[in-house]
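Structure first, commentary second.
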Protein chains: 2
Amino acid sequence: MEQTLSPTGGQSLLFLTDEQLRKGIEAMFFAYQGFTADPDRILAEKGYGRAHHRAVHFINRSPGTTVNNLLSILGVTKQSLNRVLRTLIEDGLVSSEVGKSDKRERHLFLTEDGKALEKELSDAQRDRMRAAYRLAGPEAVAGFRQVLEAMMDPEMRRRYDALSERLRD
Amino acid sequence: MEQTLSPTGGQSLLFLTDEQLRKGIEAMFFAYQGFTADPDRILAEKGYGRAHHRAVHFINRSPGTTVNNLLSILGVTKQSLNRVLRTLIEDGLVSSEVGKSDKRERHLFLTEDGKALEKELSDAQRDRMRAAYRLAGPEAVAGFRQVLEAMMDPEMRRRYDALSERLRD
DNA sequence: GAATATACGTCAGTGTTGTTGACATTCCAA
DNA sequence: TTGGAATGTCAACAACACTGACGTATATTC
(Lines give C-alpha, C1' and ligand atoms only; values in the text may rest on other atoms or scores of the structure.)
Protein backbone atom coordinates (compact mmCIF):
# COMPACT_ATOMS: atom_id res chain seq x y z
CA MET A 1 0.00 0.00 0.00
CA GLU A 2 1.03 3.63 0.09
CA GLN A 3 1.99 2.75 -3.48
CA THR A 4 -0.27 5.41 -4.92
CA LEU A 5 2.53 6.79 -7.08
CA SER A 6 2.66 4.56 -10.11
CA PRO A 7 6.19 3.36 -10.74
CA THR A 8 5.74 3.91 -14.45
CA GLY A 9 4.77 7.50 -14.07
CA GLY A 10 1.25 6.68 -15.14
CA GLN A 11 1.86 7.51 -18.79
CA SER A 12 0.72 4.68 -20.98
CA LEU A 13 2.58 5.92 -24.03
CA LEU A 14 5.84 6.88 -22.41
CA PHE A 15 6.55 3.55 -20.80
CA LEU A 16 9.28 2.66 -23.25
CA THR A 17 11.55 5.61 -22.69
CA ASP A 18 15.19 4.86 -22.06
CA GLU A 19 14.80 6.12 -18.52
CA GLN A 20 11.92 3.71 -17.92
CA LEU A 21 13.95 0.85 -19.29
CA ARG A 22 16.98 1.81 -17.26
CA LYS A 23 14.84 1.94 -14.17
CA GLY A 24 13.59 -1.54 -14.91
CA ILE A 25 17.13 -2.80 -15.30
CA GLU A 26 18.12 -1.34 -11.97
CA ALA A 27 15.00 -2.74 -10.34
CA MET A 28 16.00 -6.21 -11.52
CA PHE A 29 19.46 -5.77 -10.11
CA PHE A 30 18.43 -4.57 -6.67
CA ALA A 31 15.47 -6.92 -6.40
CA TYR A 32 17.60 -9.92 -7.22
CA GLN A 33 19.87 -9.03 -4.34
CA GLY A 34 16.90 -9.13 -2.02
CA PHE A 35 15.59 -12.24 -3.68
CA THR A 36 18.73 -14.23 -2.83
CA ALA A 37 19.65 -12.55 0.46
CA ASP A 38 17.67 -14.76 2.85
CA PRO A 39 18.60 -18.15 1.39
CA ASP A 40 22.21 -17.00 1.06
CA ARG A 41 22.36 -16.36 4.79
CA ILE A 42 21.04 -19.81 5.61
CA LEU A 43 23.30 -21.49 3.08
CA ALA A 44 26.40 -19.72 4.35
CA GLU A 45 25.81 -21.08 7.85
CA LYS A 46 25.77 -24.59 6.49
CA GLY A 47 28.71 -24.19 4.14
CA TYR A 48 26.68 -24.31 0.96
CA GLY A 49 26.21 -21.86 -1.88
CA ARG A 50 23.57 -20.81 -4.34
CA ALA A 51 24.38 -23.70 -6.62
CA HIS A 52 23.34 -26.09 -3.85
CA HIS A 53 20.11 -24.19 -3.40
CA ARG A 54 19.26 -24.39 -7.06
CA ALA A 55 19.97 -28.11 -7.22
CA VAL A 56 17.88 -28.81 -4.13
CA HIS A 57 15.06 -26.66 -5.41
CA PHE A 58 14.72 -28.37 -8.75
CA ILE A 59 15.21 -31.87 -7.41
CA ASN A 60 12.39 -31.16 -5.01
CA ARG A 61 10.34 -29.83 -7.85
CA SER A 62 10.89 -32.86 -10.07
CA PRO A 63 11.79 -35.86 -7.91
CA GLY A 64 13.56 -38.59 -9.83
CA THR A 65 14.92 -36.20 -12.41
CA THR A 66 18.17 -37.21 -14.10
CA VAL A 67 21.46 -35.37 -13.92
CA ASN A 68 21.19 -34.45 -17.56
CA ASN A 69 17.74 -33.04 -17.12
CA LEU A 70 18.82 -30.98 -14.16
CA LEU A 71 21.77 -29.79 -16.18
CA SER A 72 19.67 -28.28 -18.91
CA ILE A 73 17.40 -26.58 -16.42
CA LEU A 74 20.24 -24.99 -14.50
CA GLY A 75 22.23 -24.07 -17.57
CA VAL A 76 25.63 -25.07 -16.21
CA THR A 77 28.15 -27.73 -17.18
CA LYS A 78 27.75 -31.22 -15.84
CA GLN A 79 31.09 -31.00 -14.07
CA SER A 80 29.93 -27.95 -12.21
CA LEU A 81 26.69 -29.56 -11.18
CA ASN A 82 28.48 -32.74 -10.24
CA ARG A 83 30.63 -31.07 -7.62
CA VAL A 84 27.57 -29.68 -5.94
CA LEU A 85 25.68 -32.93 -6.24
CA ARG A 86 28.56 -34.90 -4.76
CA THR A 87 28.64 -32.86 -1.57
CA LEU A 88 24.88 -33.05 -1.27
CA ILE A 89 25.00 -36.83 -1.63
CA GLU A 90 27.91 -37.16 0.79
CA ASP A 91 26.03 -35.07 3.33
CA GLY A 92 22.99 -37.27 2.93
CA LEU A 93 20.68 -34.61 1.51
CA VAL A 94 20.27 -36.15 -1.91
CA SER A 95 20.06 -39.77 -3.00
CA SER A 96 21.09 -40.99 -6.42
CA GLU A 97 19.52 -44.10 -7.89
CA VAL A 98 20.72 -45.94 -10.97
CA GLY A 99 18.06 -45.88 -13.67
CA LYS A 100 16.08 -49.07 -14.24
CA SER A 101 15.53 -48.86 -17.96
CA ASP A 102 18.75 -47.00 -18.68
CA LYS A 103 21.51 -47.77 -16.24
CA ARG A 104 23.58 -44.83 -17.37
CA GLU A 105 21.12 -42.44 -15.82
CA ARG A 106 21.05 -41.41 -12.19
CA HIS A 107 17.71 -40.44 -10.74
CA LEU A 108 17.89 -37.84 -8.02
CA PHE A 109 15.74 -37.57 -4.91
CA LEU A 110 15.79 -35.53 -1.74
CA THR A 111 16.25 -37.44 1.50
CA GLU A 112 14.35 -36.39 4.60
CA ASP A 113 17.23 -34.12 5.53
CA GLY A 114 17.26 -32.76 2.02
CA LYS A 115 13.58 -32.00 2.18
CA ALA A 116 14.12 -30.23 5.47
CA LEU A 117 16.79 -28.00 3.97
CA GLU A 118 14.66 -27.32 0.92
CA LYS A 119 11.80 -26.28 3.13
CA GLU A 120 13.96 -24.04 5.25
CA LEU A 121 15.32 -22.30 2.17
CA SER A 122 12.09 -21.94 0.29
CA ASP A 123 10.22 -20.82 3.39
CA ALA A 124 12.65 -17.95 3.76
CA GLN A 125 12.44 -17.06 0.11
CA ARG A 126 8.69 -17.43 -0.04
CA ASP A 127 8.23 -15.20 2.98
CA ARG A 128 9.86 -12.34 1.18
CA MET A 129 8.02 -13.09 -2.03
CA ARG A 130 4.74 -13.28 -0.14
CA ALA A 131 5.35 -9.93 1.52
CA ALA A 132 6.15 -8.35 -1.83
CA TYR A 133 3.09 -9.90 -3.46
CA ARG A 134 0.84 -8.76 -0.68
CA LEU A 135 2.18 -5.24 -0.84
CA ALA A 136 1.85 -5.01 -4.59
CA GLY A 137 -1.47 -6.76 -5.02
CA PRO A 138 -2.79 -9.39 -7.44
CA GLU A 139 -2.76 -7.27 -10.55
CA ALA A 140 0.81 -6.21 -10.01
CA VAL A 141 1.74 -9.84 -9.51
CA ALA A 142 0.17 -10.77 -12.82
CA GLY A 143 2.17 -8.05 -14.53
CA PHE A 144 5.31 -9.06 -12.72
CA ARG A 145 5.02 -12.59 -14.02
CA GLN A 146 4.15 -11.48 -17.53
CA VAL A 147 7.21 -9.29 -17.86
CA LEU A 148 9.54 -11.89 -16.35
CA GLU A 149 8.23 -14.56 -18.66
CA ALA A 150 8.69 -12.32 -21.66
CA MET A 151 12.26 -11.67 -20.60
CA MET A 152 13.33 -15.31 -20.63
CA ASP A 153 15.27 -16.94 -23.44
CA PRO A 154 12.86 -19.10 -25.45
CA GLU A 155 14.68 -22.25 -24.43
CA MET A 156 14.49 -21.37 -20.74
CA ARG A 157 10.89 -20.32 -21.13
CA ARG A 158 10.13 -23.79 -22.39
CA ARG A 159 11.75 -25.36 -19.35
CA TYR A 160 10.03 -22.97 -17.02
CA ASP A 161 6.66 -23.83 -18.51
CA ALA A 162 7.42 -27.55 -18.39
CA LEU A 163 7.91 -27.41 -14.64
CA SER A 164 4.26 -26.67 -14.02
CA GLU A 165 2.85 -29.04 -16.59
CA ARG A 166 1.64 -31.53 -14.04
CA LEU A 167 1.05 -29.17 -11.15
CA ARG A 168 -1.80 -26.89 -12.01
CA ASP A 169 -1.05 -23.23 -11.78
CA MET B 1 -0.10 -10.75 -26.73
CA GLU B 2 -1.68 -14.17 -26.84
CA GLN B 3 -1.30 -13.69 -23.09
CA THR B 4 -5.00 -14.01 -22.54
CA LEU B 5 -4.49 -16.61 -19.84
CA SER B 6 -3.63 -14.61 -16.76
CA PRO B 7 -0.52 -15.98 -15.08
CA THR B 8 -2.19 -15.69 -11.71
CA GLY B 9 -5.06 -17.86 -12.74
CA GLY B 10 -7.34 -14.85 -12.57
CA GLN B 11 -8.17 -15.47 -8.93
CA SER B 12 -7.55 -12.40 -6.86
CA LEU B 13 -7.25 -14.33 -3.62
CA LEU B 14 -5.20 -17.24 -4.85
CA PHE B 15 -2.15 -15.22 -5.74
CA LEU B 16 -0.50 -16.11 -2.47
CA THR B 17 -0.62 -19.88 -2.72
CA ASP B 18 2.64 -21.74 -2.27
CA GLU B 19 2.48 -22.81 -5.88
CA GLN B 20 2.06 -19.24 -7.02
CA LEU B 21 4.98 -18.14 -4.91
CA ARG B 22 7.12 -20.98 -6.14
CA LYS B 23 6.28 -20.04 -9.70
CA GLY B 24 7.33 -16.49 -8.98
CA ILE B 25 10.62 -17.69 -7.56
CA GLU B 26 11.32 -19.76 -10.63
CA ALA B 27 10.31 -16.89 -12.88
CA MET B 28 12.89 -14.71 -11.16
CA PHE B 29 15.56 -17.35 -11.66
CA PHE B 30 14.93 -17.95 -15.33
CA ALA B 31 14.28 -14.31 -16.14
CA TYR B 32 17.52 -13.24 -14.52
CA GLN B 33 19.38 -15.61 -16.78
CA GLY B 34 17.86 -13.89 -19.78
CA PHE B 35 18.41 -10.51 -18.23
CA THR B 36 22.17 -11.01 -18.05
CA ALA B 37 22.66 -13.20 -21.12
CA ASP B 38 23.22 -10.48 -23.74
CA PRO B 39 25.64 -8.30 -21.76
CA ASP B 40 27.47 -11.42 -20.61
CA ARG B 41 28.18 -12.35 -24.20
CA ILE B 42 29.60 -8.94 -25.02
CA LEU B 43 31.63 -8.83 -21.83
CA ALA B 44 33.11 -12.26 -22.38
CA GLU B 45 34.48 -11.17 -25.76
CA LYS B 46 36.30 -8.30 -24.13
CA GLY B 47 37.59 -10.24 -21.15
CA TYR B 48 35.31 -8.57 -18.64
CA GLY B 49 32.69 -9.92 -16.27
CA ARG B 50 29.43 -8.85 -14.71
CA ALA B 51 31.27 -6.91 -12.05
CA HIS B 52 32.70 -4.64 -14.73
CA HIS B 53 29.26 -4.12 -16.20
CA ARG B 54 27.79 -3.09 -12.88
CA ALA B 55 30.60 -0.65 -12.19
CA VAL B 56 30.31 0.92 -15.63
CA HIS B 57 26.55 1.13 -15.35
CA PHE B 58 26.50 2.99 -12.07
CA ILE B 59 29.40 5.28 -12.91
CA ASN B 60 27.50 6.25 -16.01
CA ARG B 61 24.40 6.76 -13.95
CA SER B 62 26.12 8.95 -11.38
CA PRO B 63 29.20 10.53 -12.96
CA GLY B 64 31.72 11.73 -10.39
CA THR B 65 30.55 9.27 -7.77
CA THR B 66 33.12 8.25 -5.18
CA VAL B 67 34.52 4.79 -4.63
CA ASN B 68 32.76 4.52 -1.30
CA ASN B 69 29.44 5.48 -2.79
CA LEU B 70 29.78 2.94 -5.55
CA LEU B 71 30.73 0.36 -2.97
CA SER B 72 27.52 0.74 -1.04
CA ILE B 73 25.39 0.65 -4.19
CA LEU B 74 26.99 -2.49 -5.49
CA GLY B 75 27.08 -4.22 -2.12
CA VAL B 76 30.54 -5.71 -2.56
CA THR B 77 33.81 -5.30 -0.71
CA LYS B 78 36.30 -2.64 -1.66
CA GLN B 79 38.87 -5.28 -2.53
CA SER B 80 36.45 -6.80 -4.95
CA LEU B 81 35.49 -3.49 -6.51
CA ASN B 82 39.10 -2.37 -6.62
CA ARG B 83 40.14 -5.30 -8.75
CA VAL B 84 37.50 -4.40 -11.29
CA LEU B 85 38.13 -0.65 -11.13
CA ARG B 86 41.84 -1.11 -11.59
CA THR B 87 41.44 -2.96 -14.86
CA LEU B 88 38.88 -0.46 -16.10
CA ILE B 89 41.23 2.44 -15.34
CA GLU B 90 44.22 0.64 -16.86
CA ASP B 91 42.20 -0.02 -20.01
CA GLY B 92 41.21 3.62 -20.21
CA LEU B 93 37.49 3.15 -19.73
CA VAL B 94 37.23 4.92 -16.40
CA SER B 95 39.04 7.97 -15.08
CA SER B 96 39.64 8.66 -11.41
CA GLU B 97 40.01 12.24 -10.18
CA VAL B 98 41.17 13.34 -6.77
CA GLY B 99 38.42 15.18 -4.95
CA LYS B 100 38.63 18.96 -4.72
CA SER B 101 37.06 19.54 -1.36
CA ASP B 102 38.19 16.24 0.12
CA LYS B 103 41.40 15.01 -1.39
CA ARG B 104 40.99 11.53 0.05
CA GLU B 105 38.11 10.87 -2.28
CA ARG B 106 38.38 9.66 -5.85
CA HIS B 107 35.66 10.72 -8.24
CA LEU B 108 34.92 8.30 -11.04
CA PHE B 109 33.98 9.12 -14.62
CA LEU B 110 33.61 7.20 -17.83
CA THR B 111 35.99 8.12 -20.63
CA GLU B 112 34.74 8.19 -24.20
CA ASP B 113 35.72 4.55 -24.56
CA GLY B 114 33.94 3.79 -21.31
CA LYS B 115 30.80 5.50 -22.53
CA ALA B 116 30.97 3.47 -25.71
CA LEU B 117 31.15 0.22 -23.78
CA GLU B 118 28.33 1.29 -21.49
CA LYS B 119 26.18 2.09 -24.47
CA GLU B 120 26.92 -1.21 -26.14
CA LEU B 121 26.01 -3.11 -23.00
CA SER B 122 22.91 -1.20 -22.07
CA ASP B 123 21.65 -1.17 -25.63
CA ALA B 124 21.74 -4.95 -25.62
CA GLN B 125 20.06 -5.16 -22.26
CA ARG B 126 17.50 -2.52 -23.06
CA ASP B 127 16.56 -4.23 -26.29
CA ARG B 128 15.51 -7.29 -24.39
CA MET B 129 13.77 -5.25 -21.74
CA ARG B 130 11.98 -3.24 -24.37
CA ALA B 131 10.77 -6.36 -26.13
CA ALA B 132 9.51 -7.79 -22.86
CA TYR B 133 7.79 -4.53 -21.93
CA ARG B 134 6.15 -4.25 -25.30
CA LEU B 135 4.89 -7.80 -25.13
CA ALA B 136 3.52 -7.43 -21.63
CA GLY B 137 2.08 -3.95 -21.93
CA PRO B 138 2.15 -0.86 -19.72
CA GLU B 139 0.03 -2.20 -16.91
CA ALA B 140 2.11 -5.33 -16.58
CA VAL B 141 5.21 -3.17 -16.47
CA ALA B 142 3.77 -1.15 -13.61
CA GLY B 143 3.08 -4.34 -11.71
CA PHE B 144 6.51 -5.70 -12.53
CA ARG B 145 8.16 -2.68 -11.02
CA GLN B 146 5.91 -2.65 -7.98
CA VAL B 147 6.70 -6.23 -7.08
CA LEU B 148 10.42 -5.82 -7.67
CA GLU B 149 10.54 -2.71 -5.55
CA ALA B 150 8.70 -4.45 -2.75
CA MET B 151 11.20 -7.28 -2.90
CA MET B 152 14.25 -5.12 -2.24
CA ASP B 153 15.94 -4.79 1.10
CA PRO B 154 14.98 -1.42 2.61
CA GLU B 155 18.56 -0.19 2.40
CA MET B 156 18.83 -1.12 -1.26
CA ARG B 157 15.42 0.34 -1.93
CA ARG B 158 16.69 3.64 -0.60
CA ARG B 159 19.66 3.56 -2.95
CA TYR B 160 17.50 2.55 -5.87
CA ASP B 161 15.16 5.48 -5.24
CA ALA B 162 18.07 7.86 -4.80
CA LEU B 163 19.32 7.10 -8.30
CA SER B 164 16.33 8.75 -9.93
CA GLU B 165 16.05 11.71 -7.59
CA ARG B 166 17.36 14.18 -10.14
CA LEU B 167 16.19 12.45 -13.27
CA ARG B 168 12.44 12.51 -13.39
CA ASP B 169 10.82 9.17 -13.83
C1' DG C 1 49.83 19.83 17.53
C1' DA C 2 48.68 15.06 18.61
C1' DA C 3 45.43 11.55 18.45
C1' DT C 4 41.78 9.63 16.04
C1' DA C 5 38.82 8.69 12.17
C1' DT C 6 37.96 8.34 7.22
C1' DA C 7 38.87 7.21 2.24
C1' DC C 8 41.32 4.56 -0.64
C1' DG C 9 44.53 1.09 -2.18
C1' DT C 10 47.03 -3.35 -1.77
C1' DC C 11 48.76 -8.04 -0.38
C1' DA C 12 47.78 -12.63 1.06
C1' DG C 13 44.73 -16.39 1.82
C1' DT C 14 40.30 -18.88 1.23
C1' DG C 15 35.91 -20.54 -0.78
C1' DT C 16 32.33 -21.10 -4.31
C1' DT C 17 31.38 -21.82 -8.89
C1' DG C 18 32.18 -21.76 -13.41
C1' DT C 19 35.26 -23.80 -17.20
C1' DT C 20 37.91 -27.60 -20.12
C1' DG C 21 40.03 -32.15 -20.64
C1' DA C 22 40.32 -36.98 -19.80
C1' DC C 23 37.98 -41.16 -18.78
C1' DA C 24 34.72 -45.11 -17.32
C1' DT C 25 30.32 -47.12 -18.07
C1' DT C 26 26.29 -48.14 -20.57
C1' DC C 27 23.30 -48.24 -24.50
C1' DC C 28 22.26 -48.82 -29.25
C1' DA C 29 22.69 -49.48 -33.97
C1' DA C 30 25.38 -50.95 -38.03
C1' DT D 1 30.48 -57.40 -31.80
C1' DT D 2 32.22 -53.35 -32.50
C1' DG D 3 32.15 -48.46 -32.73
C1' DG D 4 29.82 -44.29 -31.66
C1' DA D 5 26.85 -41.62 -28.70
C1' DA D 6 25.09 -40.62 -24.22
C1' DT D 7 25.63 -40.34 -19.18
C1' DG D 8 28.09 -39.41 -15.39
C1' DT D 9 32.72 -38.87 -12.62
C1' DC D 10 37.42 -37.12 -11.49
C1' DA D 11 41.12 -33.58 -11.80
C1' DA D 12 43.03 -29.18 -12.72
C1' DC D 13 42.41 -24.40 -13.54
C1' DA D 14 40.34 -19.54 -13.81
C1' DA D 15 37.20 -15.89 -12.33
C1' DC D 16 35.50 -13.52 -8.70
C1' DA D 17 33.57 -13.10 -4.42
C1' DC D 18 35.08 -12.83 0.73
C1' DT D 19 38.02 -11.84 5.18
C1' DG D 20 41.94 -9.96 7.51
C1' DA D 21 45.89 -7.07 7.89
C1' DC D 22 48.36 -3.20 6.62
C1' DG D 23 49.95 1.37 4.43
C1' DT D 24 49.18 6.15 3.02
C1' DA D 25 47.10 10.39 2.68
C1' DT D 26 43.84 13.50 4.35
C1' DA D 27 40.32 15.29 7.55
C1' DT D 28 38.51 16.04 12.05
C1' DT D 29 38.53 16.41 16.94
C1' DC D 30 40.32 17.32 21.31
Side-chain angles (χ1 to χ4, degrees), chain A residues 29 32-33 36-37 39-59 64-91 93-109 121, chain B residues 29 32-33 36-37 39-56 59 64-91 94-109:
Chain A
F29 171 68
Y32 204 78
Q33 286 194 347
T36 56
D40 280 354
R41 258 189 296 277
I42 296 170
L43 290 158
E45 287 171 14
K46 302 179 191 289
Y48 294 126
R50 267 183 216 176
H52 299 85
H53 183 186
R54 294 197 282 262
V56 164
H57 175 97
F58 287 110
I59 293 173
T65 186
T66 63
V67 173
N68 224 3
N69 190 4
L70 199 50
L71 227 50
S72 62
I73 286 181
L74 296 177
V76 295
T77 60
K78 58 181 177 174
Q79 295 90 332
S80 202
L81 174 59
N82 188 257
R83 183 174 347 99
V84 165
L85 235 35
R86 186 168 37 201
T87 70
L88 289 173
I89 291 171
E90 277 170 7
D91 295 352
L93 300 177
V94 167
S95 74
S96 162
E97 297 182 7
V98 174
K100 286 181 180 167
S101 57
D102 188 334
K103 290 178 185 164
R104 292 172 303 181
E105 295 180 337
R106 299 295 128 90
H107 297 278
L108 303 168
F109 302 87
L121 291 170
Chain B
F29 171 68
Y32 205 79
Q33 286 194 348
T36 56
D40 279 355
R41 257 189 297 278
I42 296 170
L43 290 159
E45 287 171 13
K46 302 179 191 291
Y48 295 126
R50 267 183 215 177
H52 299 84
H53 184 186
R54 294 195 283 261
V56 164
I59 293 173
T65 186
T66 64
V67 173
N68 232 354
N69 190 4
L70 198 51
L71 228 47
S72 63
I73 285 181
L74 295 176
V76 296
T77 61
K78 63 175 177 176
Q79 294 91 329
S80 212
L81 174 58
N82 188 258
R83 184 179 345 107
V84 166
L85 233 36
R86 189 168 35 198
T87 69
L88 289 173
I89 291 172
E90 277 170 7
D91 295 353
V94 167
S95 74
S96 163
E97 297 182 7
V98 174
K100 285 181 180 167
S101 58
D102 188 333
K103 289 178 186 167
R104 292 172 304 180
E105 294 179 337
R106 298 296 129 87
H107 297 278
L108 304 169
F109 300 88

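Throughout, protein chains are lettered first and strands after them, A, B, ... in sequence-line order, and every chain is numbered starting at 1.
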For [X], answer base if it contacts any base atom (sugar-phosphate contacts may also be present), sugar-phosphate if it contacts only those atoms, and nothing otherwise; contact means non-hydrogen atoms under 4.0 Å.
X       : result
A:Thr87 : nothing
A:Lys78 : base
B:Gly75 : sugar-phosphate
A:Gly47 : sugar-phosphate

For [N] and [X] - does any side-chain N or O of the residue sit under 4.0 Å from the phosphate oxygens OP1/OP2?
X        : N      : answer
A:Thr77  : C:dG18 : no
A:Asn68  : D:dT7  : yes
B:Arg83  : D:dA17 : yes
B:His52  : D:dA15 : no
B:Arg106 : C:dA7  : no
B:Arg54  : D:dA17 : yes
B:Ser80  : D:dC18 : yes

Nearest-nucleotide 5' precedence on DNA chain C, A:Val84 against A:Lys100: A:Val84
Contact nearer the 5' end of DNA chain C, comparing A:Leu81 with A:Gly99: A:Leu81
Spatial distance of atom CD1 (B:Ile59) from atom OG (B:Ser95) [nearest 0.5 Å]: 8.5 Å
Straight-line distance of B:Arg54 CZ to B:Leu81 CG, nearest 0.5 Å: 10.5 Å
Rounded to whole Å, how long is the line connecting atom [atom1] of [X] with atom [atom2] of [N]?
X        : N      : atom1 : atom2 : answer
B:Asn69  : C:dC8  : CG    : C1'   : 14 Å
A:Leu85  : D:dG8  : CG    : P     : 10 Å
A:Asn82  : D:dA6  : CG    : P     : 19 Å
B:Arg86  : C:dT10 : CZ    : C1'   : 7 Å
A:Asp40  : D:dA17 : CG    : P     : 14 Å
A:Glu45  : D:dC18 : CD    : P     : 18 Å
B:Tyr48  : D:dC16 : OH    : C1'   : 16 Å
B:His107 : D:dT26 : NE2   : P     : 14 Å

Side chain proximity check, A:Asp40 to A:Arg50, heavy atoms < 4.5 angstrom: yes
Min side-chain heavy-atom separation B:Lys78-B:Val67 under 4.5 Å: no
Any donor-acceptor N/O pair under 3.5 Å between D:dG8 base and A:Glu105 side chain: no
Counting side-chain heavy atoms from CB outward, which of [options] is closest to [X]?
X        : options                : answer
B:Arg104 : D:dA27, C:dT19, C:dG9  : D:dA27
A:Arg50  : D:dA17, C:dT17, C:dT10 : C:dT17
A:Gln79  : D:dT9, C:dT10, C:dG9   : D:dT9
A:Asp102 : D:dC10, C:dT26, D:dG20 : C:dT26
B:Val76  : C:dT26, D:dA17, D:dA11 : D:dA17

Donor-acceptor contact below 3.5 Å, side chain B:Gln33 vs main chain A:Leu74: yes
From CA spacing to verdict: side chain to side chain contact (heavy atoms under 4.5 Å, CB included), B:Val98, B:Arg106: CA-CA 5 Å; B:Val98 174; B:Arg106 298 296 129 87; 3.7 Å; yes
Side chain to side chain contact (heavy atoms under 4.5 Å, CB included) assessment of B:Arg83 paired with B:Gln79: CA-CA 6 Å; B:Arg83 184 179 345 107; B:Gln79 294 91 329; over 6 Å; no
